[in-house]
Every structure is written in C-alpha cells, then in structure tokens.
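Here, residue 1 is the first one in the sequence, and each next residue gets the next number. Numbering of ligands and ligand atoms starts at 1, following listing order. The structure presented is a predicted model; accordingly, all values stated were derived computationally and were not measured.
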Amino acid sequence: MDELTRIEHLNKQALGELAGVASDAALRDWRVRYLGKKSQLTAMLRRLGELSLVEKKAVGARANEVKAGLEAFLAEKEQALSKARMVSLAGDEALDVTLPGRTPPVGRLHPVTRIIYEISDIFASMGFQVLEGPEVELDYYNFEALNIPDEHPARDTMATLWVDYEKEGGQRPMLLRTHTSPMQIRFMEKTKPPLRIVVPGKVFRYEATDATHIPMFHQIEGLAVDKGISMAELKGTLYEFSRRFFGKDRKVRFRADYFPFVEPGVEMAIECAVCRGSGCRLCGASGWIEILGAGMVHPRVLERVNIDPKVYSGFAFGMGIERLPMLRYGIDDIRLFYGGDLRFLRQF
Ligand code: YSA
C-alpha cells in the first residue's frame with residue numbers, strides 16, 4: 001500500500017470512529033490516537049523526508065489536508081457533545097445540568113422574636129405559663145379594670161391609639177393596647193390562684209421616637225398570685241431573670257415607682273451596656289436603662305376579678321423587650337430593629 005492510499009484509509013477510519021464517539025473521554029482518546037504525537041498521521045508527516053520530491057509534494061499536501069480536516073471535525077464534535085449536555089426543555093430554553101446549583105436564600109427569625117423565645121423559656125423554667133392576648137383591646141381591660149378610670153392622669157403616660165372611641169350607643173371604646181397588663185385581668189377573670197403567667201406581645205403608643213422609644217414595641221407581662229406572695233418573691237424572680245439573661249456581674253437597680261394597678265410599685269433598671277454606668281447618649285447620662293415596671297398587685301384589681309385580697313396576694317411586672325438585646329449587645333438605637341437593614345439583622 002502506498003502512502004497516499006494509507007492516508008485515505010486512515011482518514012476514513014478516523015472519521016468512522018469519530019462518528020461513534022459519545023463522551024468527552026472517548027473524544028480525548030480519539031484525539032491522541034489520530035492527531036497525537038504518536039499517531040500514524042504524525043509519523044507519516046515525519047517520514048516525508050524519505051520520499052522522492054514528487055511523492056513528498058503529493059503526500060505532504062494530502063496529509064496536511066487530512067490533518068486539518070480531522071481537527072475541524074474534532075472541534076465540531078466537541079461542540080456537539082457540550083450541546084448534548086444541555087437538556088432541551090422548550091424552544092430556546094435549555095438547562096445545563098452540569099452547572100452548580102443555586103443556594104436558595106434561607107430566612108431566619110427576627111432578633112426580637114428570638115429574644116421573646118429566650119425570655120419566655122427562662123420564665124417557663126421558673127414555673128410560669130406562657131400565653132398571648134389580643135392587640136386590639138377594650139378600654140375596660142387596658143385601663144378601667146387596672147384601676148385607671150377615665151380622666152385618671154396615668155392615662156397621659158400612655159398616649160393611646162384609639163380604634164373606636166364611640167361611647168354613645170352602647171359601643172365600648174377600643175384601642176391598640178398600650179401595654180400587656182390587660183392580660184392580667186383577662187386571665188384572672190377565668191383562672192383562680194395559684195397562678196403564674198408571662199404574656200409576650202406587641203404594644204402601641206402614640207409617641208415620638210428616639211434612641212430608646214418607638215411607637216410599636218414589645219413587652220412581656222408577668223403575673224404571680226398565690227397565698228403569701230410578697231415583694232421578696234418579686235425581687236427574687238427578677239434578679240434571677242437578670243442573672244440568667246445578662247450574667248451575674250450586671251448591676252440591677254430597683255426604685256420606687258407609681259402604677260395605679262400595684263401597691264407598692266417599683267421600676268427596675270439595668271446598668272447601661274454602652275457606657276457601663278459612666279453615662280452616655282443611650283442612657284441619657286444616667287448610667288442606667290429602665291427595663292420594666294412592677295409591683296404588688298393592687299387589692300382593688302384582685303377584688304375586681306373576685307379574688308379575695310385578704311387571702312391572696314401577687315406580684316406583676318411589665319418588661320420592655322427591645323431594651324434587653326440593646327443592653328446585652330450594646331445596641332445604641334432601638335430603631336435599628338425595625339429599619340429593615342439586613343446588615344444589622346443578619347448579625348443575630
Ligand atoms: C407595671 C406594674 C405591673 O404590675 C405590671 C406592669 C407594669 C408595667 C406597665 N404596664 C408599663 O407599661 N409601664 S411602662 O410604661 O413603664 O413600660 C414598661 C417598659 O416598656 C419600660 O420600662 C420600657 O422598657 C418599655 N417601653 C416603654 N415605652 C417604650 C418602651 N420601649 C420602647 N419604646 C417605647 N416607647
């Protein structure tokens with residue numbers, strides 16, 4: 001067989017095999033065999049020098065032509081294989097099944113929700129039942145039953161968002177609850193002592209905002225009624241809460257305060273996390289941030305729900321929830337919780 005016949009034979013064989021190639025690995029194999037350094041074609045081109053001038057011209061030209069042809073078919077085959085990897089869907093749509101998958105964005109709980117769960121767990125472990133109550137409330141539960149009748153000056157401390165103020169025609173005024181305390185009444189109307197509950201939830205006040213005040217915030221109400229409950233149980237419970245939430249080294253301050261539904265009343269403050277007591281913008285230079293109001297349930301409140309104050313006594317508290325993570329992490333503006341800035345929210 002002369003060289004030209006051998007080239008044609010080789011070309012036919014190479015093209016025949018290429019048609020049957022169905023994978024990248026088989027294609028790599030084919031390339032080595034027919035176009036690689038040790039292929040017959042390369043060997044033929046190397047042997048050209050041994051041929052006569054006339055043969056050299058004819059064989060050389062045809063060998064290069066076949067080589068170029070095979071390279072072109074190789075490129076075509078490469079493209080066809082990569083296209084085959086795309087599963088055709090409909091029309092122009094295509095799906096490259098070899099692409100890495102996209103990670104779906106996964107949401108997470110809002111920091112305030114997480115704190116509510118954490119606080120509720122702490123109180124639950126101390127024997128308190130966790131429940132919720134309505135955000136749209138009757139004036140009766142929000143004020144009247146809590147010993148805050150109409151025209152009582154204490155109403156001014158909780159600027160109210162009214163839903164319905166019609167007093168005529170039997171309609172009872174409704175509002176967005178200004179605190180979680182109405183749940184004290186709702187629960188005691190149905191359940192007699194001994195009882196211990198905490199009630200987390202949203203509250204609303206028509207208030208200007210600043211670094212520690214917003215018009216919609218969260219509180220958690222606490223109520224314990226039993227025989228022989230005293231101020232010692234109130235302080236013990238709140239100290240224990242602070243120790244578990246902030247750690248044993250954080251300073252706590254109790255001061256006398258006034259709320260119409262307790263007697264006596266107190267407020268509890270925590271040492272400011274930002275300045276550690278030396279005074280800064282967040283704590284208004286006082287070194288303390290108030291987190292809750294509390295006290296011994298007023299006898300008149302107990303009487304209203306038919307619990308005899310001569311037999312039973314109780315303590316109650318209402319804690320502002322947003323201020324707790326502020327005090328734990330040193331967050332210097334309460335508005336950050338509701339600004340929707342994911343750079344802030346993702347840190348929790
Ligand atoms: C008092 C005695 C009880 O027996 C039971 C509950 C209470 C608390 C009372 N119901 C109350 O709401 N008191 S308060 O108006 O002083 O608010 C309690 C806490 O809510 C505050 O200490 C503060 O931590 C938070 N708070 C009040 N206004 C806020 C606020 N947090 C953010 N923005 C506001 N605008």
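For ligand 1, the atoms closer than 4.0 angstrom to any heavy atom of A294 are 1 (C), 2 (C). Less than 4.0 angstrom separates some heavy atom of E290 from each of these atoms of ligand 1: 16 (O), 21 (C), 22 (O), 24 (O). Taking a cut-off of under 4.0 Å to the non-hydrogen atoms of R205, the atoms of ligand 1 that pass are 11 (C), 12 (O), 14 (S), 15 (O), 17 (O), 27 (C), 28 (N). Every atom of ligand 1 with a heavy atom of Q184 under 4.0 Å away is listed here by number and element: 4 (O), 5 (C). Short contacts between ligand 1 and G293, defined as distances under 4.0 Å to a heavy atom of the residue, involve ligand atoms 1 (C), 2 (C), 6 (C), 7 (C), 8 (C). Near S181, meaning under 4.0 Å from any of its heavy atoms, are these atoms of ligand 1: 5 (C), 6 (C), 10 (N).
A salt bridge links E240 with R244; the closest basic N to acidic carboxylate O contact falls under 4.0 Å. Using a 4.0 Å cut-off between charged side-chain N and carboxylate O, R255 and E290 make no salt bridge.
Taking only nitrogen or oxygen atoms, main chain and side chain alike, I334 does not reach within less than 3.5 Å of ligand 1. When only interatomic distances are considered, the shortest N/O to N/O separation between L292 and ligand 1 falls below 3.5 Å. The distance criterion of under 3.5 Å between nitrogen or oxygen atoms is not met by H213 with respect to ligand 1. Here's the thing with T178: none of its N/O atoms is less than 3.5 angstrom from an N/O atom of ligand 1. Residue I291 has at least one N or O atom closer than 3.5 Å to an N or O atom of ligand 1. The shortest N or O to N or O distance between E221 and ligand 1 is not under 3.5 Å.
Here SG of C275 is found 7.5 Å from CG of L282. Values are rounded to the nearest 0.5 Å. Taken to the nearest 0.5 Å, the CD1 atom of I220 stands 5.5 Å off from the CD1 atom of I119. Between the CZ atom in F317 and the CZ atom in F259 there is a gap of 13.0 Å [rounded to 0.5 Å]. Note that the CG atom of N64 and the CG atom of L45 stand 5.5 Å from one another [nearest 0.5 Å].
Side-chain rings of F241 and F128 stay apart, their centers remaining 6.0 Å or farther from each other. Checked against the 6.0 Å centroid criterion, the rings of F261 and H179 qualify as a close aromatic pair. Taking the six-membered ring for Trp and the full ring otherwise, the centers of F217 and Y338 sit at least 6.0 Å from each other.
When heavy-atom distances to ligand 1 are checked against a 4.0 Å cut-off, E322 has no atom that comes that close, whether in backbone or side chain. At a heavy-atom distance under 4.0 Å, no atom of P215 approaches ligand 1. For A316, heavy-atom contacts with ligand 1 shorter than 4.0 Å involve the backbone as well as the side chain.
Ranking the protein heavy atoms by distance from atom 19 (C) of ligand 1 puts G320 N, 3.7 Å first. Looking from atom 13 (N) of ligand 1 to the surrounding protein, the closest heavy atom is F259 CE2, 3.5 Å. Counting only heavy atoms of the protein, atom 35 (N) of ligand 1 lies nearest to E207 OE1, 2.6 Å. Closest to atom 17 (O) of ligand 1, if we only count protein heavy atoms, is Q219 NE2, 3.3 Å. Nearest non-hydrogen protein atom to atom 6 (C) of ligand 1 is G318 N, 3.2 Å. Of the protein's heavy atoms, R323 NH1, 3.3 Å lies nearest to atom 23 (C) of ligand 1. Protein heavy atom in closest approach to atom 33 (N) of ligand 1: I214 N, 3.1 Å. Summary of contacts: the protein heavy atom closest to atom 4 (O) of ligand 1 is V262 CG1, 2.9 Å.
Below 30°, between 30° and 60°, or above 60°: for F337 and H110 the angle between ring planes is between 30° and 60°, a tilted geometry.
Hydrophobic clustering (ILVMFWY, side-chain heavy atoms < 4.5 Å, transitive): L15 and L81 are in one cluster. In this structure, I334 is a member of the same hydrophobic cluster as Y206, with clusters built from ILVMFWY side-chain heavy atoms closer than 4.5 Å. One hydrophobic cluster, built from ILVMFWY side chains closer than 4.5 Å, cannot hold both M268 and W288; they sit in different ones.
Using a 4.0 Å cutoff on heavy atoms, M158 counts as a contact of ligand 1. Heavy atoms of L223 stay at 4.0 angstrom or farther from ligand 1.
The closest side-chain heavy-atom distance from T178 to R155 is not below 4.5 Å. Proximity of L27 to E78: side-chain heavy atoms (C-beta onward) are separated by under 4.5 Å at one or more points.
For atom 34 (C) of ligand 1, the nearest non-hydrogen atom from the set F261, F315, F217 belongs to F217.
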